[in-house]
K.L.:
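I have a structure I would like to understand better, so I am pasting it below and will then ask my questions one at a time.
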Amino acid sequence: MGEFDNFVGRVSSTAKEWGSDRIDYLVNNAGISHHQAFDKVTEEELDRVYAVNFKGVFFLTQKLVRIMNDGGRIVNISTGLTRFWTPDTIPYASLKGAIEVFTLYLAKELGARSITVNAVAPGAIQTDFSGGVVRDNPEINKRVAAMTALGRPGLPDDIGPMIASLLSDANRWVTAQRIEASGGMNL
């Protein structure tokens with residue numbers, strides 16, 4: 001937890017350099033994947049996925065919300081895997097499910113401060129995530145395209161505008177929502 005205190009200190013210092021001592025936005029994009037059969041997952045593996053995908057998000061948010069302006073915005077990144085099943089993803093999907101519950105409860109908790117809290121649930125996106133498997137493996141890319149209504153895996157630029165819109169004043173009345181941005185994956 002000491003790293004979080006150091007990080008919050010650096011955020012505060014940077015905000016002061018920019019003329020403020022507070023922040024307006026937080027996007028929790030933490031996540032590591034884990035692909036293994038349920039009966040093979042070890043306690044150490046589950047602890048690692050938990051530490052990054054939920055515990056870190058929880059405690060970093062707890063610390064940063066103290067320096068967040070009233071009327072701020074929080075977006076937590078979840079996954080389409082909380083809506084549909086894919087083999088060997090129980091730890092990852094379960095902990096992203098916890099992020100969605102966290103989003104709901106945090107929205108109520110911070111509502112009195114007019115801070116909105118939402119979750120964006122991407123489908124398969126062509127990034128470095130999980131070793132770049134969606135981007136770099138033609139077979140996986142083709143399989144994802146076949147199960148997606150829009151006929152291709154997502155790109156970072158497909159998700160960024162959704163997140164930006166939730167941070168904007170135009171969506172100030174949207175809170176406690178899980179918004180899937182998957183191109184219609186697994187309909």
Side-chain angles (χ1 to χ4, degrees), residues 24-41 45-46 48-58 60-61 72-104 106-107 116-187:
D24 292 309
Y25 312 110
L26 171 59
V27 177
N28 284 308
N29 191 27
I32 56 172
S33 63
H34 186 274
H35 301 279
Q36 192 169 26
F38 169 71
D39 62 345
K40 303 281 191 261
V41 176
E45 290 168 335
L46 182 61
R48 181 172 178 260
V49 176
Y50 167 72
V52 173
N53 291 4
F54 184 75
K55 183 179 179 182
V57 170
F58 183 98
L60 183 61
T61 301
R73 310 273 187 266
I74 298 172
V75 176
N76 297 317
I77 304 303
S78 182
T79 178
L81 294 173
T82 63
R83 179 181 60 82
F84 56 82
W85 176 87
T86 297
D88 302 334
T89 60
I90 288 177
Y92 176 75
S94 297
L95 290 164
K96 287 299 186 173
I99 288 297
E100 292 180 12
V101 173
F102 175 63
T103 297
L104 176 72
L106 193 60
T116 66
V117 186
N118 291 289
V120 171
I125 306 298
Q126 297 181 68
T127 66
D128 292 339
F129 188 72
S130 202
V133 68
V134 174
R135 181 193 61 216
D136 300 337
N137 185 319
E139 181 180 315
I140 298 290
N141 193 291
K142 184 177 178 180
R143 191 174 331 143
V144 169
M147 66 175 72
T148 304
L150 294 179
R152 65 172 176 81
L155 299 168
D157 285 345
D158 295 325
I159 304 304
M162 170 56 69
I163 294 167
S165 75
L166 290 170
L167 299 175
S168 77
D169 197 46
N171 281 311
R172 68 187 171 275
W173 198 240
V174 178
T175 196
Q177 300 303 303
R178 176 202 186 270
I179 301 167
E180 186 162 322
S182 70
M185 192 169 185
N186 280 331
L187 296 179

K.L.:
In a check of side-chain hydrogen bond (donor to acceptor under 3.5 Å, both in side chains) between Thr103 and each of Asn76, Asn118, Thr175, which one passes?
P.N.:
Asn76

K.L.:
Kindly indicate whether the side chain of Asn53, heavy atoms from C-beta on, has any atom under 4.5 Å from the side chain of Ile32.
P.N.:
yes

K.L.:
Between CG of Asn171 and CD of Gln177, what distance do you get to the nearest 0.5 Å?
P.N.:
10.5 Å

K.L.:
So which heavy atom on Ile159 is nearest to which on Pro122, and how close?
P.N.:
CD1-CB, 3.9 Å

K.L.:
Give the C-alpha distance, both sets of side-chain angles, the deciding distance and a yes or no for side chain to side chain contact (heavy atoms under 4.5 Å, CB included) between Leu46 and His34.
P.N.:
CA-CA 9 Å; Leu46 182 61; His34 186 274; over 6 Å; no

K.L.:
Shortest non-hydrogen contact from Val144 to Ala124?
P.N.:
CG1-CB, 3.6 Å

K.L.:
With a 4.5 Å limit on heavy-atom distance, are the side chains of Thr148 and Ser182 in contact?
P.N.:
no

K.L.:
Might you point out which heavy atoms bring Pro156 and Thr127 nearest each other, and give the distance in Å?
P.N.:
CG-CG2, 3.7 Å

K.L.:
Let me know which of Asn28, Val27, Thr116 forms a side chain to side chain contact (heavy atoms under 4.5 Å, CB included) with Ile74.
P.N.:
Asn28

K.L.:
Using every non-hydrogen atom in the two residues, find where Glu45 and Val41 come nearest and quote the distance to one decimal.
P.N.:
OE1-CA, 3.5 Å

K.L.:
Applying side chain to side chain contact (heavy atoms under 4.5 Å, CB included) between Val75 and each of Leu166, Ile179, Leu26, report the one that passes.
P.N.:
Leu166

K.L.:
Taking Ile140's backbone N and O only, do any of them form a donor-acceptor pair with Arg143's side chain (distance below 3.5 Å, no angle check)?
P.N.:
no

K.L.:
Do you know which two heavy atoms are closest between Gly31 and Val52, and how far apart they sit?
P.N.:
N-CG1, 3.9 Å

K.L.:
Going by the angle between their ring planes, with limits at 30° and 60°, are Phe102 and Phe54 parallel, tilted or perpendicular?
P.N.:
perpendicular

K.L.:
Is there a side-chain contact between Leu95 and Lys55 in this structure, where contact means two heavy atoms from C-beta onward sitting under 4.5 Å apart?
P.N.:
no

K.L.:
Would you mind listing every salt bridge (Lys or Arg N to Asp or Glu O under 4.0 Å) that reaches into residues 146-156, with sequence neighbours excluded?
P.N.:
Arg152-Asp158

K.L.:
Scan residues 90-100 for pairs that pass side chain to side chain donor-acceptor pair (under 3.5 Å), counting only residues two or more places apart or in two chains.
P.N.:
Ser78-Glu100, Thr82-Glu100, Glu100-Arg178

K.L.:
Under a 4.5 Å cut-off applied to non-hydrogen side-chain atoms, are Val57 and Ile77 in contact?
P.N.:
no

K.L.:
Of the non-hydrogen atoms in Thr89 and His35, which two are nearest, and what is the gap between them?
P.N.:
CG2-ND1, 3.6 Å

K.L.:
Is a side-chain donor or acceptor of Asp24 paired with a backbone partner of Gly72 at a separation under 3.5 angstrom?
P.N.:
no

